[in-house]
Amino acid sequence: MLRIYNTLARDKQDFVPMRPGEVRMYVCGMTVYDFCHIGHGRMMVAFDLVRRWLRASGYRVTYVRNITDIDDKIIRRAAENRETIAELTERYIRFMDEDVGALGVEKPDHEPRATQYVPQMLQMIGRLEANGLAYRAADGDVNFSVRKFPGYGELSGKLLDDLRAGERVEVGAAKRDPLDFVLWKHSKPDEPKWPSPWGDGRPGWAIECSAMGCSLLGESFDIHGGGQDLQFPHHENEIAQSEGANGKPFVKYWLHNGFVQVDDTKMSKSLGNFFTIRDILKVFDPEVMRFFLVRAHYRSAMTYSDAHLNDAKTALTRLYTALRGAAPGKTAPDWSEPHAVRFKAAMDDDFNTAEAVAELFKLANEIGRGKMELAAQLKALGGILGLLQRDPQAFLQAGSSGALSDKDIQDRIEARLAARKQKNYLEADRIREELEAAGVILEDGPKGTSWRRA
RNA sequence: GGCGCGGUAGCAAAGCGGUCAUGCAGUGGAUUGCAAAUCCAUCUAGGCCGGUUCGACUCCGGCCCGCGCCUCCA
């Protein structure tokens with residue numbers, strides 16, 4: 001039985017989808033005006049794992065991850081760059097696809113863009129107005145009236161009267177309550193706009209997710225995910241809008257992934273302390289980065305540093321080393337085998353990939369003790385996590401060693417072999433040290449000498 | 001100020017009321033011409049103070065410290 005930590009309940013709950021055998025999930029994706037940072041990567045990988053595990057559990061999964069392609073920051077950045085919004089967003093969508101794809105994240109079933117769902121948003125705002133939950137303010141914005149929605153604050157555990165709107169940021173004067181949020185922004189000069197019954201304007205931030213989620217998955221669906229920082233106000237607002245408009249429960253299970261931190265502080269765009277996936281991948285193998293993310297539980301905070309990535313690299317190397325000699329090709333896990341049983345129990349416990357990964361190392365240990373037949377199982381279980389699917393040799397030899405080509409390395413290995421045959425160990429060791437200096441490590445085994453990159 | 005999360009060995013990171021997490025690093029062995037890889041063994045734990053219990057890292061209470069949300073943010 002899969003159990004999921006539901007933010008709404010603040011507890012783990014048995015997972016029972018609304019429709020038997022089928023799971024519909026929505027995750028808040030990227031606002032596309034800059035490169036993905038590792039925090040985005042974590043979110044993408046975390047929900048990729050959720051989806052993979054649901055699928056491995058036999059569910060038919062429909063996964064929607066939106067793209068926000070219109071908002072204040074996009075408008076500003078495009079203006080700074082003297083390019084159109086479309087040019088800017090298309091470029092960063094492409095970069096996102098490349099970066100996230102490198103991390104082994106599978107494409108969602110749908111990747112709706114906010115600008116494609118304006119009619120659906122307007123329809124929803126209309127219903128909110130009809131239900132007395134939205135009003136057109138003096139400045140022309142259409143706002144959601146937070147106090148008219150009784151459940152407001154349930155997800156984030158906040159009470160309206162405890163919130164201090166305006167303490168840190170100026171509140172729009174036209175709002176009836178400082179906590180009211182904008183559904184539709186009236187148009188300003190030099191900004192993109194769409195016609196609407198409330199005048200030309202553009203969407204507020206949260207309405208897009210309500211509109212896209214409900215359009216693609218229905219007015220009620222199973223799972224909604226996103227980063228912890230979206231819990232309030234974004235997800236709170238989504239619930240208010242969707243339930244206010246539709247009059248039925250919006251989402252059954254809310255999932256929130258923890259942050260990636262740097263120097264014990266949240267990594268974020270606004271703090272400027274972020275590392276882009278792109279930059280990290282210049283130094284580290286993408287699978288190492290995925291492994292780094294998979295090794296921790298998705299809800300806990302984790303700290304990014306090169307040292308931790310190096311640690312992940314060594315650990316992943318151990319797994320691939322155990323896989324040498326495994327038959328190539330894809331096999332399904334044998335779920336009756338003890339390691340797989342524990343792996344499944346771990347994943348069923350709120351997607352505990354940390355514990356599941358530990359099981360992979362136990363398999364590696366068994367393989368090292370001679371149970372070669374478990375290599376297929378290791379690879380199969382790794383595959384559930386989107387890991388270990390490469391040819392081990394290719395992983396272990398990935399990278400480059402300056403001027404030394406693979407052929408050069410092979411030639412030196414031959415030369416060393418000849419020296420060893422003549423018991424010229426001085427020369428043999430010299431060659432090995434030469435290669436080692438170039439980052440190539442030799443391993444003499446019963447079947448000859450193999451090499452890998454450090 | 002309100003709400004929430006967390007403090008586990010040198011580092012990273014899990015589960016668990018009573019034998020083992022796991023990875024990296026360290027130490028000692030096996031193996032190797034020497035290494036590497038692998039295997040075996042092994043050292044480093046549970047912020048502090050109380051309580052419950054035959055027994056607590058695990059449950060309860062208090063305290064200290066850190067982080068997050070309350071503003072756009074994964």
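All values derive from a computational prediction rather than experimental measurement. By convention in this document, chain letters (A, B, ...) are assigned in the order of the sequence lines, proteins followed by strands, and residues within each chain are numbered from 1.
Screening A/I75, A/I85, A/D72 for a side-chain contact (heavy atoms from CB on, under 4.5 Å) with A/E191, the sole residue that qualifies is A/I75.
Between B/C20 and B/C40, the two C1' atoms lie 15 Å apart (nearest whole Å). As rounded to the nearest Å, B/A37 and B/C49 have C1' atoms that lie 49 Å from one another. Separating the C1' atom of B/G18 from that of B/G1 is a span of 44 Å, rounded to the nearest Å.
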>> Determine whether A/Y63 and A/Y26 satisfy the following criterion, ring-ring contact (aromatic ring centres under 6.0 Å, His included), listing intermediate values before the conclusion.
In response: CA-CA 6 Å; A/Y63 178 29; A/Y26 183 98; 8.9 Å; no
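The side chain of A/P233 lies closest to B/C72 when the candidates are B/C67, B/A74, B/C72. Nearest nucleotide to the A/M43 side chain, out of B/U22, B/A74, B/A36: B/A74. Relative to the side chain of A/D162, the nucleotides B/G2, B/C70, B/C39 differ in distance, and B/G2 lies closest.
Between the CD atom of A/Q397 and the C1' atom of B/A36 there is a distance of 14 Å, given to the nearest Å. If you take CG of A/D264 and P of B/C11, they are 13 Å apart, rounded to a whole angstrom. Atoms CZ (A/R416) and P (B/C34) sit 13 Å apart, rounded to a whole Å. Regarding A/L309, its CG atom lies at a distance of 14 Å from the C1' atom of B/G23, rounded to whole Å. Protein atom CG of A/L155 is 20 Å distant from nucleotide atom P of B/G68, rounded to whole Å. A/E427 places its CD atom 15 Å from the C1' atom of B/G33, with the value rounded to the nearest Å. Per the geometry, CZ belonging to A/R299 stands 17 Å off C1' belonging to B/C69, to the nearest Å. To the nearest angstrom, P of B/C70 lies 15 Å from CZ of A/F181.
With a 3.5 Å ceiling on both atom-pair distances, B/A74 lacks any Watson-Crick or G-U wobble partner. Using Watson-Crick or G-U wobble geometry with both donor-acceptor distances under 3.5 Å, B/A12 finds its partner in B/U22. With a 3.5 Å ceiling on both atom-pair distances, B/U44 lacks any Watson-Crick or G-U wobble partner. Across all strands shown, nothing is found opposite B/G55 as a Watson-Crick or G-U wobble partner with both distances under 3.5 Å. Across all strands shown, B/G61 forms a Watson-Crick or G-U wobble pair with B/C49, both key distances being under 3.5 Å. Under the Watson-Crick or G-U wobble criterion, with both distances below 3.5 Å, B/C5 is paired with B/G66.
Across all strands shown, A/T321 has heavy atoms under 4.0 Å from sugar-phosphate atoms exclusively, and none from any base. Across all strands shown, A/I441 has heavy atoms under 4.0 Å from sugar-phosphate atoms exclusively, and none from any base. Contacts of A/A358 with the nucleic acid, taken as non-hydrogen atoms under 4.0 Å apart, include base atoms. Nucleic acid contact for A/S450: none, since no nucleic acid atom lies under 4.0 Å from a heavy atom of the residue. Contacts of A/R65 with the nucleic acid, taken as non-hydrogen atoms under 4.0 Å apart, are absent. Base engagement by A/M267 is indicated by at least one non-hydrogen atom pair under 4.0 Å involving a base atom. A/G227 comes within 4.0 angstrom of sugar-phosphate atoms only, judged by non-hydrogen atoms across all strands, and of no base. Residue A/V27 is classed as having no contact, given no heavy-atom separation below 4.0 Å to the nucleic acid. Counting any heavy atom pair closer than 4.0 Å across all strands shown, A/G258 reaches a base atom. Counting any heavy atom pair closer than 4.0 Å across all strands shown, A/K362 reaches sugar-phosphate atoms only and no base atom. Note on A/F232: only backbone sugar-phosphate atoms sit closer than 4.0 angstrom, heavy atoms only; bases stay farther off.
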N/O donor to acceptor pairs below 3.5 angstrom from side-chain atoms of residues 279-290 of chain A, sequence neighbours left out:
from   : atom 1 : to     : atom 2 : distance (Å)
A/D279 : OD1    : A/K282 : NZ     : 2.9
A/D279 : OD2    : A/T276 : OG1    : 3.3
A/D285 : OD1    : A/E287 : N      : 2.8
A/D285 : OD1    : A/R390 : NH2    : 2.4
A/D285 : OD2    : A/R390 : NH1    : 3.3
A/D285 : OD2    : A/R390 : NH2    : 2.9
A/E287 : OE1    : A/Y320 : OH     : 2.9
A/E287 : OE1    : A/R390 : NE     : 3.0
A/E287 : OE1    : A/R390 : NH2    : 3.2
A/E287 : OE2    : A/Y320 : OH     : 3.0
A/E287 : OE2    : A/L388 : N      : 2.6
A/R290 : NE     : A/L385 : O      : 3.0
A/R290 : NE     : A/G386 : O      : 3.3
A/R290 : NH1    : A/D48  : OD2    : 3.3
A/R290 : NH1    : A/L103 : O      : 2.9
A/R290 : NH1    : A/G104 : O      : 3.2
A/R290 : NH2    : A/D48  : OD2    : 2.9
A/R290 : NH2    : A/L385 : O      : 3.0

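Contact between the side-chain N/O atoms of A/R318 and the OP1/OP2 oxygens of B/U38 is found at a separation under 4.0 Å. Within the 4.0 Å cut-off from OP1 or OP2 of B/C24, not a single side-chain nitrogen or oxygen of A/N310 is found. In terms of phosphate contacts, A/R432 brings no side-chain nitrogen or oxygen within less than 4.0 Å of OP1 or OP2 of B/C34. Taking side-chain N and O atoms only, A/K266 has a distance below 4.0 Å to OP1 or OP2 of B/C69.
Taking the six-membered ring where tryptophan is involved, the planes of A/W335 and A/F343 are tilted, since the angle between them lies from 30° to 60°. Classified by interplanar angle (parallel below 30°, tilted 30° to 60°, perpendicular above 60°), the ring pair A/F35/A/Y92 is perpendicular. Taking the six-membered ring where tryptophan is involved, the planes of A/F149 and A/F144 are perpendicular, since the angle between them exceeds 60° and thus also 30°.
For A/D391, there are no salt bridge (Lys or Arg N to Asp or Glu O under 4.0 Å) partners at least two apart in sequence or on another chain.
Atom NZ of A/K269 is surrounded by more than 12 heavy atoms from other residues, nucleotides or ligands within 6.0 Å.
A donor-acceptor contact under 3.5 angstrom links the side-chain atoms of A/D444 to the base of B/C34. No hydrogens or angles were tested; on distance alone, a donor-acceptor pair under 3.5 Å links the side chain of A/K158 to the base of B/C69. For B/G33, its base sits under 3.5 Å from the side chain of A/R420 at one donor and acceptor pair at least. In the interface, the side chain of A/D429 is paired with the base of B/G33 through a donor and an acceptor atom under 3.5 Å apart.
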Nucleotide N/O of nucleotides 12-17 of chain B paired with protein N/O under 3.5 Å:
from  : atom 1 : to     : atom 2 : distance (Å)
B/A14 : OP1    : A/H297 : N      : 2.7
B/A14 : OP1    : A/S300 : OG     : 2.8
B/A14 : O3'    : A/N352 : ND2    : 3.3

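Each of A/I367 and A/I38 has a nearest nucleotide on RNA chain B; the 5'-most of these lies closest to A/I367. Both A/G157 and A/E436 lie near RNA chain B, and the one whose nearest nucleotide falls closer to the 5' end is A/G157.
Stacking of A/R65 on the aromatic ring of A/F47 is not recorded, the 6.0 Å distance cut-off and the 45° axial limit not both being met.
Side-chain contact check for A/E208 and A/N66: at least one donor-acceptor pair (N or O, by modelled atom type) lies under 3.5 Å. Side-chain atoms of A/T62 and A/D109 form no donor-acceptor pair, as typed in the model, at a separation below 3.5 Å.
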